[in-house]
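Okay, structure first, notes after.
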Amino acid sequence: MSDVIKLLPDSVANQIAAGEVIQRPASVVKELVENAVDAGATEIQVIIKDAGRTLVQVVDNGCGMSATDARLAFERHSTSKIRKADDLFALHTMGFRGEALASICAVSQVDLRTMRADDKVGTRLLINGSQIESQQPEACAKGSNMMVKNLFFNVPARRKFLKKDSVEMSNIIHEFERLALVNPGVELTLIHNGTTLHRLPPANMRQRIVNLFGKQLNDKLIPVDTDTDLVRIHGFIVRPEHCRKRNALQYFFVNGRNMRHPYFHKAVMQTYEGMIPADEQPTYFLDFTVDPSSIDVNIHPTKSEIKFEQEQTIRQILFAAVKETLGRFATAPEIDFANLSADDCPEIPALGSHAAPVGKPSAINGGGQSYNPFRAPSASNWEELYRNFTSEKAQAVAPAATDGEQSALNGLEGDASELNPDAEPTLPATILPLGRRYAAMADTRGLRVVDLCRAHRAVIFHRLMETFNRGTSMGSQRLIFPDRVELGTVNEPIIRDLEPQLSALGFEIAPLGAGRWSVNAVPSIVDSANPGELLAAIVEEAAERVESAGAPLTSTLERIATGMARAAAFRGDRRLTQQEIDHIVGQLLSLPVPGFTPDGKPTFAVITEPEIAALL
């Protein structure tokens with residue numbers, strides 16, 4: 001029997017290695033920019049065409065390479081960064097493995113022009129899928145000009161599974177932002193299809209953050225700075241009131257390189273506990289400076305996973321530093337009791353009396369002292385308050401009674417006879433407001449408590465989807481004064497991708513440059529919402545649920561409708577009138593699936609009679 005184990009050719013081995021190092025065009029940008037930084041470049045230009053499919057070009061003014069070094073640089077495990085194994089624990093460069101360039105040229109066509117400062121002529125090297133086609137002298141500028149063309153041209157399966165251009169470009173921008181944050185002293189430029197997305201001059205860390213993410217972030221940042229024998233931690237966090245529910249900016253750096261560290265992230269989150277809601281995330285930019293011998297960056301080819309020797313101790317220092325910063329900058333809101341208005345007073349009834357609650361009376365009682373919320377309204381009031389609600393409730397409950405599975409899904413459990421709208425109700429369908437956000441009504445099993453904010457969101461989403469499904473165009477409401485909104489450069493590809501759908505819905509938007517947009521018109525169906533917040537909510541929803549190329553149009557429309565519903569729904573701090581509450585609840589119960597919002601959160605809960613009895 002002949003031998004079966006064979007040595008793989010270098011070209012095949014390089015393609016296998018490329019699967020770990022080069023995952024998408026953003027990976028090429030990362031490796032080439034890090035090489036330029038290691039070469040001492042102070043100016044780096046990144047030029048992208050077709051989201052990196054056609055071209056990824058990085059031009060720098062670094063030290064350049066000789067003809068011999070240029071050719072040797074594309075060999076696997078060739079590097080100028082280390083000489084022996086001990087050098088791995090004294091790293092001061094981004095690259096050191098010697099795999100990136102070999103992996104890149106294995107799956108693309110490379111055109112390199114490079115020259116050192118002391119040379120009179122440079123060299124040009126052409127490589128096609130690991131095969132060197134030519135190398136010849138050529139006049140060029142000092143530094144290196146690396147062009148990576150037709151990425152994955154010889155690996156059709158990999159190229160096929162690249163996502164659509166807006167997604168790939170968004171990943172490139174994210175990678176560019178990480179590189180820009182960790183190298184604030186380097187001038188960086190990003191150009192896509194001839195459009196300059198970023199032009200960042202050398203700056204300090206705070207100014208670089210503002211240049212990347214907008215001037216509005218400047219006033220929200222508070223500095224963190226602590227220095228110990230083990231680690232120095234400096235950077236910025238945001239005040240609790242400026243935390244986000246999604247798309248928070250969260251960056252860790254160590255010794256001039258980006259890193260992901262869930263353990264440290266959890267420490268930062270714990271410092272905000274009790275200050276922010278559970279569904280919000282803080283923004284932070286934190287840089288760790290440690291002894292290179294106390295960390296191991298050789299965990300993964302991407303070098304984004306870092307192992308710390310004193311991880312537990314550093315975590316405690318991080319927790320203490322962030323906690324101290326939050327306390328030192330007096331982030332807790334202050335209450336001025338002297339200037340407290342009646343609208344801000346809590347509604348607390350007098351102890352042992354039937355007096356009206358302190359503060360502004362609710363809309364349902366009209367301010368009368370004799371109001372009793374448990375007494376059924378008179379017939380005349382009933383007709384006035386519930387003329388719309390009764391018919392909507394009957395329409396909603398009747399279909400649910402015929403479908404046991406859907407009834408359970410929507411929280412309407414029980415047999416069909418209990419849900420029969422023709423049956424004589426044991427209690428009047430009175431809806432009582434509970435504070436500003438909730439309302440209670442009689443249910444066949446007890447007491448149903450409705451989250452009015454979520455209910456309104458579900459109703460708006462259903463109306464929007466009905467309009468989409470009918471194929472009718474929405475009316476457009478032009479704004480007297482256009483609203484400007486800062487969405488960030490990273491979201492520009494997503495907005496461009498959504499522009500046809502937004503235009504069909506009635507939006508009219510125009511780019512202002514540097515990630516800013518002008519909203520000139522909005523759909524008339526949601527003209528009460530803040531235009532800038534409305535557009536931002538749609539973009540955030542689309543960015544969160546980004547899908548691959550060829551995604552069905554319905555999924556895109558659902559993302560748009562979800563964002564619009566979230567922005568257009570009333571805020572929990574607004575007090576609704578009784579008629580508004582009746583209308584929202586009535587429309588909610590008429591929906592096919594009234595029990596949940598478009599993002600899957602429950603719109604109401606039922607407190608059963610045994611549960612009520614257990615409380616009394």
Side-chain angles (χ1 to χ4, degrees), residues 14-15 17-39 41 43-62 65 70 73-74 94-95 99-114 124-130 133 140-141 143-156 158-180 183 186-200 258 301-303 489-490 492-493 549:
N14 287 340
Q15 286 190 15
E20 289 184 326
V21 181
I22 308 302
Q23 301 169 358
R24 58 195 335 153
S27 304
V28 178
V29 172
K30 172 185 180 295
E31 299 295 344
L32 295 185
V33 172
E34 286 184 348
N35 281 346
V37 171
D38 289 340
E43 298 178 8
I44 302 175
Q45 190 176 64
V46 182
I47 301 171
I48 307 294
K49 287 187 179 178
D50 301 329
R53 299 172 194 268
T54 303
L55 174 69
V56 175
Q57 182 178 3
V58 174
V59 183
D60 68 72
N61 65 346
M65 292 181 282
F74 291 92
M94 299 296 100
E99 292 181 331
L101 292 182
S103 299
I104 290 172
C105 73
V107 292
S108 66
Q109 298 165 337
V110 174
D111 184 350
L112 170 65
R113 295 176 176 88
T114 183
R124 182 181 184 184
L125 185 65
L126 297 176
I127 304 177
N128 190 343
S130 292
E133 293 188 340
C140 55
S144 297
N145 182 348
M146 176 86 75
M147 290 185 282
V148 178
K149 305 175 183 178
N150 301 321
L151 188 63
F152 300 130
F153 79 100
N154 55 350
V155 191
R158 292 288 300 278
R159 189 174 178 89
K160 176 182 177 182
F161 284 99
L162 287 177
K163 298 184 183 297
K164 54 187 177 181
D165 285 0
S166 60
V167 179
E168 294 299 341
M169 194 59 211
S170 181
N171 281 289
I172 290 174
I173 295 175
H174 275 301
E175 193 61 58
F176 180 86
E177 290 172 348
R178 284 191 284 266
L179 292 164
N183 298 289
V186 179
E187 181 177 329
L188 287 163
T189 304
L190 177 63
I191 301 172
H192 180 227
N193 289 343
T195 302
T196 300
L197 303 181
H198 278 301
R199 190 181 298 278
L200 306 173
N258 289 281
T302 61
K303 303 181 285 292
T489 309
V490 69
E492 186 164 335

With Asn145 as partner, the option from Arg124, Arg113, Gln57 fulfilling side chain to side chain donor-acceptor pair (under 3.5 Å) is Gln57

Expected output: side-chain Thr114 to main-chain Met65 donor-acceptor under 3.5 Å: yes

Can you name the closest pair of heavy atoms from Lys163 and Glu168 and give their distance? N-OE2, 2.9 Å

Atom of Phe152, atom of Arg158 and distance for their closest heavy-atom approach: CZ-NH2, 3.4 Å

Side chain to side chain contact (heavy atoms under 4.5 Å, CB included) between Phe176 and Leu197, worked out: CA-CA 11 Å; Phe176 180 86; Leu197 303 181; over 6 Å; no

Decide yes or no for Pro25 and Leu162: does some side-chain heavy atom of the first lie under 4.5 Å from some side-chain heavy atom of the second? yes

State which residue, out of Val37, Val59, Leu32, fulfils the side chain to side chain contact (heavy atoms under 4.5 Å, CB included) condition with Ile44. Val37

Quick one: pull up NE2 in His198 and CG in Leu190 and give me the separation to the nearest 0.5 Å. 6.5 Å

To the nearest 0.5 Å, what is the distance between CD (Gln109) and CD1 (Ile127)? 11.5 Å

Mind checking whether Val110 and Leu125 have side chains closer than 4.5 Å, heavy atoms only? no

Distance (rounded to the nearest 0.5 Å) between Asn154 CG and Ser108 OG: 8.0 Å

Using side chain to side chain contact (heavy atoms under 4.5 Å, CB included), reason through Ile48 and Val29 one step at a time and then give a plain yes or no. CA-CA 9 Å; Ile48 307 294; Val29 172; 4.0 Å; yes

Closest non-hydrogen atoms of Leu112 and Ser144, given as atom of the first, atom of the second and distance, are CD1-CB, 4.4 Å

How many angstroms lie between NZ in Lys30 and CG in Asn171, if you round to the nearest 0.5 Å? 14.0 Å

Verify, without hydrogens or angle tests, whether Asp60 (side chain) and Ala36 (backbone) share a donor-acceptor contact under 3.5 angstrom. no

Measure the CD1-NZ distance between Ile191 and Lys49 for me, rounded to the nearest 0.5 Å. 11.0 Å

Do any N or O atoms from the side chain of Asn61 and from the backbone of Glu43 form a donor-acceptor pair under 3.5 angstrom? yes

Of all heavy-atom pairs linking Ala180 and Leu200, the shortest is CB-CD1, 3.7 Å

Could you go through the side chain to side chain contact (heavy atoms under 4.5 Å, CB included) check for Glu31 and Ile104 one step at a time? CA-CA 9 Å; Glu31 299 295 344; Ile104 290 172; 4.3 Å; yes

Hey, could you give me the CG/CG distance between Asp50 and Leu55, rounded to the nearest 0.5 Å? 9.0 Å

Given Glu175 and Val33, is the side chain to side chain contact (heavy atoms under 4.5 Å, CB included) satisfied, shown in steps? CA-CA 10 Å; Glu175 193 61 58; Val33 172; over 6 Å; no

Give the minimum heavy-atom separation between Ala106 and Ser130, together with the two atoms involved. CA-OG, 3.2 Å

Could you tell me whether the side chain of His192 reaches within less than 4.5 Å of the side chain of Ile172, counting heavy atoms only? no

Other residues, nucleotides and ligands only: do more than 12 of their heavy atoms fall within 6.0 Å of CZ on Arg159? yes

